[in-house]
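Predicted model, so just to flag it, every value in this text is computed and none were measured. Lettering follows sequence order; numbering is per chain, from 1.
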2 protein chains.
Amino acid sequence: MASSKKKETPKAKAKAKAPEMERMEVRLAGSGGQGLILAGLVLAEAAGLHDGRAVAMGQSYGPEARGGASKAEVIIADQDIDYPLATRVDLFLALTQEAADTYSWDLKPGGWIVVDSDLVSHPPSSRAVALPFTATARDKLGKPMVANVVALGAITELTGVVRRKALEKALLARVPKGTEALNKKALAAGTKMAKDHAASGQLAGQEPTSEDV
Amino acid sequence: MASSKKKETPKAKAKAKAPEMERMEVRLAGSGGQGLILAGLVLAEAAGLHDGRAVAMGQSYGPEARGGASKAEVIIADQDIDYPLATRVDLFLALTQEAADTYSWDLKPGGWIVVDSDLVSHPPSSRAVALPFTATARDKLGKPMVANVVALGAITELTGVVRRKALEKALLARVPKGTEALNKKALAAGTKMAKDHAASGQLAGQEPTSEDV
């Protein structure tokens with residue numbers, strides 16, 4: 001269905017105020033306590049409520065998830081989503097080694113792979129972008145628990161999966177009252193981290209949608 | 001798969017400390033602002049993290065959802081879930097008329113149908129249990145926004161989909177700091193409402209799993 005999409009769709013443009021997008025599959029993986037379900041919710045709501053996309057989200061819990069690795073998946077598209085499960089992942093974020101190992105078997109060739117540089121010592125690919133989400137949250141923001149938000153800021157800046165403004169709106173609608181400033185700082189830290197990374201020239205060949213156009 | 005399940009599975013029993021359960025499909029539907037995604041998360045975490053079940057959850061956002069009706073689906077089972085989407089819904093909660101109309105086409109015959117008695121004037125079935133979630137949240141608790149929690153308390157009491165204690169643990173882990181007392185009250189109001197309803201004798205023929213045994 002997605003491949004039949006025309007280059008210019010005035011309706012989508014007017015509605016979305018965001019660049020056109022083929023189906024994009026995002027997987028956020030880590031351990032139970034890292035807040036990746038919430039990160040997935042925020043990403044889904046940024047895309048669905050603020051960028052005007054169609055969005056499906058799924059996550060799982062239970063003995064398997066509890067054992068260590070857990071994941072949330074978000075599928076984003078300009079058209080209706082006929083199959084709401086991930087089939088080949090365009091953007092994979094892994095915040096632990098176990099998550100990186102467990103959930104990297106169906107990544108799209110040439111897709112984005114982003115990992116926590118301190119917690120994932122063996123990324124699933126040499127192309128992986130490794131950034132210090134947890135260390136930054138802990139050392140610069142004093143709150144390790146916002147590593148998920150730092151990561152959201154970084155993947156959004158790297159890939160443009162949602163608009164930065166949409167992400168911030170969705171985030172501030174979901175976080176506890178009183179933590180808005182902290183979360184905005186975390187988002188900004190992630191954005192800056194990704195910008196610095198891009199400026200360092202390590203991004204060659206990382207554009208994920210090039211083979212879709 | 002689910003139908004091959006034996007009556008006694010010592011492993012599941014030891015792990016879960018909750019009654020055995022065939023695959024159970026729960027759909028929570030309403031409008032965007034009613035907090036049903038959060039309710040779904042809480043139910044999923046109660047089942048997956050505290051009752052020891054396997055759980056898959058899915059929800060969708062976007063133009064369709066924004067237009068009015070939105071839904072979250074939670075699939076709960078004792079065994080691994082091979083298909084994470086709803087196929088026939090065992091427990092349907094609808095908090096608006098539009099949601100009741102839009103998402104009631106694939107309900108399991110004999111399954112639970114629970115609606116808000118003030119907001120759903122035409123339930124999808126005459127068997128539907130109609131309870132005043134929103135009115136209770138607004139008039140007795142002073143916070144209409146906890147109607148979702150009142151409803152969670154009621155469907156848990158009615159159906160036993162998760163243990164009450166598991167629900168409360170999961171809820172308190174997800175709600176903003178400082179709102180714990182309010183949310184516990186909302187849960188208790190929902191539980192009481194369902195108990196009163198059961199005592200009133202309107203529950204005959206409502207046991208959802210009878211045809212599975």
Side-chain angles (χ1 to χ4, degrees), chain A residues 11-12 14-16 18 21 31-33 35-38 40-67 70-86 162 166 170 173-180, chain B residues 11-12 14-16 18 21 31-33 35-38 40-67 70-86 162 166 170 173-180:
Chain A
K11 187 184 152 216
K15 192 173 56 184
M21 181 184 279
S31 70
L36 290 169
I37 304 290
L38 185 63
L41 270 183
V42 167
L43 194 64
E45 293 178 355
L49 305 181
H50 304 300
D51 274 349
R53 316 281 193 191
V55 180
M57 180 178 169
Q59 62 268 15
S60 54
Y61 304 80
E64 184 202 350
R66 209 176 28 181
S70 76
K71 69 176 191 313
E73 290 177 347
V74 182
I75 316 241
I76 305 173
D78 270 345
Q79 275 109 345
D80 283 353
I81 294 169
D82 20 316
Y83 190 69
L85 306 179
V162 291
R174 275 285 171 202
V175 300
K177 233 177 169 171
T179 67
E180 291 88 351
Chain B
K11 186 184 152 216
K15 191 172 58 184
M21 181 182 280
S31 69
L36 290 168
I37 304 290
L38 186 64
L41 271 182
V42 167
L43 194 65
E45 293 177 355
L49 305 181
H50 304 299
D51 273 350
R53 316 281 193 191
V55 179
M57 178 178 172
Q59 63 266 18
S60 54
Y61 305 80
E64 186 202 350
R66 209 175 28 178
S70 77
K71 69 176 191 316
E73 290 177 347
V74 183
I75 315 235
I76 305 173
D78 270 346
Q79 275 109 345
D80 283 353
I81 294 169
D82 19 317
Y83 190 69
L85 305 180
V162 292
R174 275 285 170 202
V175 300
K177 231 178 175 174
T179 67
E180 292 87 351

- Message: Rounded to the nearest 0.5 Å, what separates atom CE in A/M57 from atom CD1 in A/I76?
- Response: 10.5 Å
- Message: Could you measure the distance from the CD1 atom of A/I37 to the NZ atom of A/K71? Nearest 0.5 Å is fine.
- Response: 9.5 Å
- Among A/A44, A/G178, A/A72, residue most engaged with chain B (heavy-atom pairs, under 4.5 Å): A/A44
- In this structure, CD of A/Q59 is separated from CG of B/L41 (nearest 0.5 Å) by 5.5 Å
- Query: What part of A/I75 is in contact with chain B, defined as an atom under 4.5 angstrom from a non-hydrogen atom: side chain, backbone, both or neither?
  - Reply: neither
- Query: What distance do B/S60 atom OG and A/I81 atom CD1 have between them, rounded to the nearest 0.5 Å?
  - Reply: 8.0 Å
- Side chain / backbone / both / neither for B/L85 at chain A, heavy atoms under 4.5 Å: side chain
